[in-house]
Amino acid sequence: MDSSFYLYNSLTRTTELFTPLVPGKAGMYVCGPTVYSNAHLGHARPAITFDLLYRYLLHLGYQVRYVRNITDVGHLEDEAEETGEDKIAKKARLEQLEPMEVVQKYMNTFHRNMADLNTLPPGIEPRASGHIIEQQVMIRRLMEKGYAYGINGSVYFDVVKYDRDFRYGILSGRNLEEMMSNSRQLEGQQEKRNPYDFALWKKAAPEHIMRWPSEWSEGFPGWHLECSAMSTKYLGEVFDIHGGGMDLQFPHHECEIAQSTAVLGHPTVRYWVHNNMITINGQKMARSLGNFITLDELFSGNHPLLTQAYSPMTIRFFILQAHYRSTLDFSNEALQAAGKGLEKLMKAVALLDKLKTSGSSSADISALEQKCSEAINDDLNSPVLIAHLFDGVRIINSVYDGSVTLTAEDLEKLRKLFYTYVFDILGLKNESSGTAQPELISGLVELAMQIRTNARNNKDWGTSDFIRNELARIGIVVKDRKDGFEWEIKGD
RNA sequence: GGUUCCUUGGCCGAGUGGUUAGGUAGCGGUCUGCAAAACCGCGUACGGCGGUUCGAUUCCGCCAGGGACCUCCA
């Protein structure tokens, strides 16, 4: 099996052959959510993108350490303003909850949504609030090395000094001098030596609940610091993959690079991988823009913009049908199309067990295998992979209809191909409504169909159609075939 | 204003210097008692204007439109 896996590296802006730091092992850190409200469609993009990457690395035989953090402290409403309030703390105030209740509430929802989307849980899911010590240690080291300065109980990262010794802006392609000459002057940042310096430690205002003691002040860590501290703690000073949304490239990931490099003297991440955004009416879907649809709303159809509910697998398939580095535009029409396509794919998979084999094959399964492998190896090109799988769908349906033949060996190969790509790698699963009493239902349907078959034998089309129509009305679809009939419970 | 990306058929969305992406929707056909499903076929898609080339949707330039980042964001 060809395992030359190529991945686009945002840092070098090229597609590179993936070679792990340690043969047979892969380390991956992905920026998780800030848990202060419900997860929306946009959050499904990185979750599914990096789930695909995780699953594919596992498929290739790597022992993968997958770390995805939960930001539960330190994320300010407005980094630039001195008045910036911690997002969690703000929500806690609004909902009259303990900050940790807010965190737990939305973390639970996030986990439920992720499980619904059939994403595999990360191996380690560290929380910022659980790594205050590690972050403080890092601040201390940054201060010792002269890359951080304290003032009025807060500590800031010295971007200018860092830029002199290394270079600030390598990931986002920015130049500090240009940035400074082009930036508008913001009010209320007198504490910092430079507007692009960012907080490592913030002194907590008297009313601030989330606070930890430190030699600088009672306060809390800055947002960017947690990822630097936790990624190196669990993955080492150099690790393979760091993922996240493109919108995190600057400043978040840029600051992470600066912090880690300043402490260690060398870069830590080998492949930076960024997923693109989901748009709605051509605009990025974001909590702060207010144009978002939560995953629960999508699953229930309970949102003014939704004409119907969409199942988790429809959402997953919708996302996988676009390349992860392209924007993906939300619309009901697009989601419905994805749902229909997924249904077609899953029906074909179910058909694999009903196919008859022949002495010879009239379809080239090996060629299909090759194409699928090439697609996924080409920077996780899931849309092309899916296109090839639909070629396989046509083969399956044609074999079922008898216009294409397969040997037992080829059929086994095709079955393995579909199971591997559809279930293991793309992470799709069957959602057919697990009805409560399948035996009772099938017994009743079989009874009705027996009556219908008798009617058909007597060319009593009226009775035949009546039974078919009535079954359809309660959601059971009848399909007549040359040699009998089939029926199935229609999914939503 | 700075940096950067995008513009593909009704919709979503791949891709390529000359050959079918795929899904969905539409149309025609096969099959069927009629359907459904499936299969087969179809519709002159590559924002505009120039250039390079034997040949450009694909490369270059200009123009138009849109997006992302430069605040928090997946």
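The structure presented is a predicted model; accordingly, all values stated were derived computationally and were not measured. Throughout, protein chains are lettered first and strands after them, A, B, ... in sequence-line order, and every chain is numbered starting at 1.
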### Task
Name the residue closer to the 5' end of RNA chain B, choosing between A/Ser288 and A/His388 according to the nucleotide with the nearest heavy atom.
A/His388

### Task
Starting from the 5' end of RNA chain B, give me the residue, A/Leu289 or A/Asp401, whose nearest nucleotide shows up first.
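On the 5' side of the pair lies A/Asp401.
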
### Message
Tell me whether the rings of A/His253 and A/Trp272 are parallel (<30°), tilted (30 to 60°) or perpendicular (>60°).
### Response
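Plane angle between 30° and 60°, so tilted.
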
Going by an N to O cut-off under 4.0 Å, is there a salt bridge joining [X] and [Y]?
X        : Y        : answer
A/Arg456 : A/Asp460 : no
A/Arg473 : A/Glu470 : yes
A/Asp480 : A/Arg452 : yes
A/Glu226 : A/Arg127 : no

For nucleotides [N] and [M], find the distance between their [atom1] atoms and express it as a whole number of Å.
N     : M     : atom1 : value
B/U19 : B/G29 : P     : 31 Å
B/G15 : B/U53 : P     : 29 Å
B/U52 : B/A74 : C1'   : 42 Å
B/C54 : B/C39 : C1'   : 41 Å
B/C31 : B/C5  : C1'   : 49 Å
B/G43 : B/A14 : P     : 24 Å
B/C40 : B/A21 : P     : 16 Å
B/C60 : B/A68 : C1'   : 25 Å

OP1 or OP2 of [N] versus the side-chain N and O atoms of [X]: is any pair under 4.0 Å?
X        : N     : value
A/Ser172 : B/U3  : no
A/Tyr196 : B/U71 : yes
A/Asn381 : B/G15 : yes
A/Asn397 : B/C39 : yes
A/Lys340 : B/C12 : no
A/Lys371 : B/A21 : no

### Task
First locate atom CH2 of A/Trp223, then atom CG of A/Leu248, and finally report the distance between them rounded to the nearest 0.5 Å.
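One gets 5.0 Å once the value is rounded to the nearest 0.5 Å.
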
### Nearest-0.5 Å distance, CG of residue A/Leu295 to CZ of residue A/Phe110
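Rounded to the nearest 0.5 Å, the CG-CZ separation comes out at 9.0 Å.
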
### Query
Can a cation-pi geometry be assigned to A/Arg287 and A/Tyr36, taking NZ or CZ under 6.0 Å from the six-membered ring centre and within 45° of the ring axis?
yes

### Message
Tell me whether the ring of A/Phe390 lies stacked over the B/G23 base, given a 5.5 Å limit on centroids and a 30° limit on the plane angle.
### Response
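The ring of A/Phe390 is not stacked on B/G23.
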
### Message
Counting the benzene-type ring for Trp, do A/Phe198 and A/His224 have ring centres under 6.0 Å apart?
### Response
yes

### Query
Taking the six-membered ring for Trp, are A/His131 and A/Tyr234 ring centroids under 6.0 Å apart?
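Yes, they do, as the ring centres are separated by less than 6.0 Å.
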
Measuring from the side chain of [X] (C-beta onward, heavy atoms only), which nucleotide among [options] has the closest atom?
X        : options             : result
A/Lys284 : B/G33, B/C39, B/A74 : B/A74
A/Asp480 : B/C39, B/U24, B/A35 : B/A35
A/Glu178 : B/A37, B/A74, B/G2  : B/G2
A/Ser331 : B/A14, B/C34, B/C11 : B/C11
A/Arg174 : B/G13, B/C39, B/G2  : B/G2

Classify the nucleic acid contact of [X] as base, sugar-phosphate or nothing, counting any heavy atom under 4.0 Å across all strands shown.
X        : result
A/Gly282 : sugar-phosphate
A/Ser403 : nothing
A/Ile278 : base
A/Lys344 : sugar-phosphate
A/Val478 : base
A/Arg394 : sugar-phosphate
A/Ala334 : sugar-phosphate
A/His323 : sugar-phosphate
A/Met277 : base

### Task
Measure from CG on A/Asn175 to P on B/U3 and round the result to the nearest Å.
10 Å

### Task
Rounded to the nearest angstrom, tell me the gap between atom CD in A/Glu343 and atom P in B/A36.
15 Å

Confirm from the modelled atom types if [X] and [N] form a donor-acceptor pair under 3.5 Å, side chain to base only.
X        : N     : result
A/Asp329 : B/C11 : no
A/Asp465 : B/G33 : yes
A/Arg325 : B/C6  : no
A/Arg287 : B/A74 : no
A/Ser464 : B/G33 : yes

### G-U wobble or Watson-Crick pairing nucleotide for B/C69 (cut-off 3.5 Å, both distances)
B/G2

### Message
Under a 3.5 Å cut-off for both contacts, is B/G22 paired Watson-Crick or G-U wobble with anything, and if yes, with which nucleotide?
### Response
B/C12

### Query
With a 4.5 Å heavy-atom cut-off, do A/Leu406 and A/Leu414 have their side chains touching?
yes

Report, one pair per line, the protein and nucleotides 27-30 of chain B atoms (nitrogen or oxygen only) whose separation is under 3.5 Å.
none

